[in-house]
Q: 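Would you mind keeping the following structure in view while I ask a few things?
Counting convention: from 1, in listed order, for ligands and their atoms alike.
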Amino acid sequence: MIDIKLLNKSFGDKTVLSEISFDVLEGQSLAIVGQSGTGKSVLLKNMIGLMKPDSGEVWIDDELISGMSFRELQLVRTKIGMVFQSGALFDSLTVGQNIGLGLKKLTNLSIDERENRILESLADVNLQGTEDLMPSELSGGMKKRVGIARAIAIRPKYLFYDEPTTGLDPIMTDIINKLIIKLQKLYNITSVIITHEIRTIFEVAERVIMLNNGKVIYNGSSTKIKENEMPIIKSFFTGNSVVDLGADK
Ligand SMILES: Nc1ncnc2c1ncn2[C@@H]1O[C@H](COP(=O)(O)OP(=O)(O)OP(=O)(O)O)[C@@H](O)[C@H]1O
Ligand SMILES: [Mg+2]
């Protein structure tokens with residue numbers, strides 16, 4: 001279980017996250033949504049220890065990770081997989097080597113076991129036979145799936161996705177959504193998914209957290225959020241801005 005308690009984060013005099021509290025239960029899939037620049041990626045980085053909160057706590061399985069040193073964090077990281085917003089593959093390494101890096105660093109697998117795990121992880125994302133390709137030879141959708149294969153290769157208990165479908169066409173978005181559901185079931189993974197994609201919210205997530213102006217404005221089921229009457233929530237789903245840009249003046 002992940003438990004966030006009264007988390008605050010500012011950059012200079014700009015408050016990005018203010019008194020954020022929520023939890024993620026075992027096996028659950030949670031979507032974090034909200035307008036661009038509202039602090040979703042910053043929240044995720046705080047959740048996995050890549051960034052420290054100014055105050056507040058992040059607990060993962062009864063361990064206080066927000067106060068941990070880099071060394072202590074390495075141990076917790078063995079149960080956390082991360083699919084980055086940009087894909088973040090190393091361009092000079094093959095697909096297989098990209099996946100192998102984390103396995104070498106975070107597991108005790110032998111070379112043979114690592115090789116098998118690389119092939120197994122690529123098969124999990126339907127990219128069999130791509131282990132010797134370079135990232136430059138992959139399409140955007142393939143890169144995203146290699147990023148997912150790399151994250152699941154360590155068999156994490158928790159998997160964090162930062163906008164896994166941004167920039168993909170509707171069919172690839174559907175493929176990635178189905179993949180997230182499949183992995184969730186296959187390895188009993190707890191997933192936290194930052195997304196702008198309405199379909200991901202309804203098809204993949206059981207629960208939704210919506211951020212606005214640094215605060216949690218919705219924390220509840222993904223089916224009920226559609227019925228919510230708050231203008232800012234409604235506008236997110238209709239795509240109409242509630243911000244007055246003064247266009248009629
Ligand atoms: N390392 C940093 N130093 C200073 N400001 C930062 C830093 N990281 C993020 N910010 C600021 O925090 C705010 C939230 O950024 P964040 O990347 O979390 O937004 P987001 O909700 O993920 O947006 P998007 O949907 O566009 O990815 C932004 O104003 C950003 O400029
Ligand atoms: Mg972001």
Q: Atom 15 (O) of ligand 1: which protein heavy atom is closest, and how many Å away?
A: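 So the nearest neighbour among protein heavy atoms is V42 CG2, 3.9 Å.
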Q: OG/S18 to CD1/I20 distance, rounded to the nearest 0.5 angstrom?
A: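 Those atoms lie 7.0 Å apart.
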Q: Considering heavy atoms of the protein only, find what lies nearest to atom 1 (N) of ligand 1 and give residue, atom and distance to 0.1 Å.
A: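 Nearest neighbour among protein heavy atoms for atom 1 (N) of ligand 1, to 0.1 Å: F11 CE2, 3.8 Å.
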Q: Give a yes or no answer on whether the side chain of E131 reaches the backbone of T94 with a donor-acceptor pair at less than 3.5 Å.
A: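 A pair under 3.5 Å: no.
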Q: With a 3.5 Å distance limit and no angle check, can you tell me whether Q184 reaches the backbone of I181 through a side-chain donor-acceptor pair?
A: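 A pair under 3.5 Å: no.
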Q: Within the structure, does M51 bring an N/O atom to less than 3.5 angstrom of an N/O atom in ligand 1?
A: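 Such a contact does not occur with ligand 1.
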Q: How far is atom 26 (O) of ligand 1 from its nearest protein heavy atom, and which residue and atom name does that atom have?
A: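 The protein heavy atom lying closest is S36 OG, 2.5 Å.
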Q: Report yes or no: does S36 have an N/O/S atom closer than 2.8 Å to the Mg ion (ligand 2)?
A: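 No.
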Q: Are the ring centres of F202 and F237 closer than 6.0 Å?
A: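 F202 vs F237: aromatic centres under 6.0 Å.
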Q: Can a donor-acceptor pair be found between the side chains of N219 and R207 at a distance below 3.5 Å?
A: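 Result is yes, a qualifying pair exists.
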Q: Could you tell me if any non-hydrogen atom of G37 lies under 4.0 Å from any atom of ligand 1?
A: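 For ligand 1, residue contact (heavy atoms, under 4.0 Å) with G37 is present.
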Q: With no hydrogens and no angle check, is any side-chain donor or acceptor of T190 less than 3.5 Å from a backbone partner on E26?
A: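 Absent.
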Q: Do the side-chain N and O atoms of E163 and T166 include a donor-acceptor pair separated by under 3.5 angstrom?
A: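 Judged by distance alone, the side chains do pair up.
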Q: Counting each atom of ligand 1 from 1 as listed, which ones have a heavy atom of H196 under 4.0 Å away?
A: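 Here the atoms of ligand 1 in question are 25 (O).
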Q: I'd like to check which ligand 1 atoms, numbered from 1 as shown, lie under 4.0 Å from a non-hydrogen atom of K14.
A: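 Atoms satisfying the 4.0 Å criterion: 29 (O).
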Q: Considering only protein heavy atoms, which is closest to atom 17 (O) of ligand 1, and at what distance to one decimal place?
A: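 Ranking protein heavy atoms by distance from atom 17 (O) of ligand 1, first comes S41 CB, 3.6 Å.
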Q: K45 near ligand 1, heavy-atom distance under 4.0 Å?
A: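 The answer is no: ligand 1 sits nowhere under 4.0 Å from a heavy atom of K45.
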Q: For atom 9 (C) of ligand 1, state whether the nearest protein heavy atom is under 4.0 Å away.
A: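 Looking at atom 9 (C) of ligand 1, one finds that a protein heavy atom does lie closer than 4.0 Å.
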Q: R199 pairs by side chain to side chain donor-acceptor pair (under 3.5 Å) with which of T173, N177, D174?
A: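 The residue from T173, N177, D174 that satisfies side chain to side chain donor-acceptor pair (under 3.5 Å) with R199 turns out to be D174.
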Q: Need the ligand 1 atom indices (1-based, order shown) with element for anything under 4.0 Å from a heavy-atom of V16.
A: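 Near V16, the atoms of ligand 1 are 12 (O), 13 (C), 14 (C).
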Q: For atom 24 (P) of ligand 1, decide whether some protein heavy-atom distance is shorter than 4.0 Å.
A: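 Answer yes: something from the protein, a heavy atom, is under 4.0 Å.
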Q: Can a side-chain donor-acceptor contact be found between T38 and Q35 if the only test is distance below 3.5 angstrom?
A: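 Side chains of Q35 and T38: no pair found under 3.5 Å.
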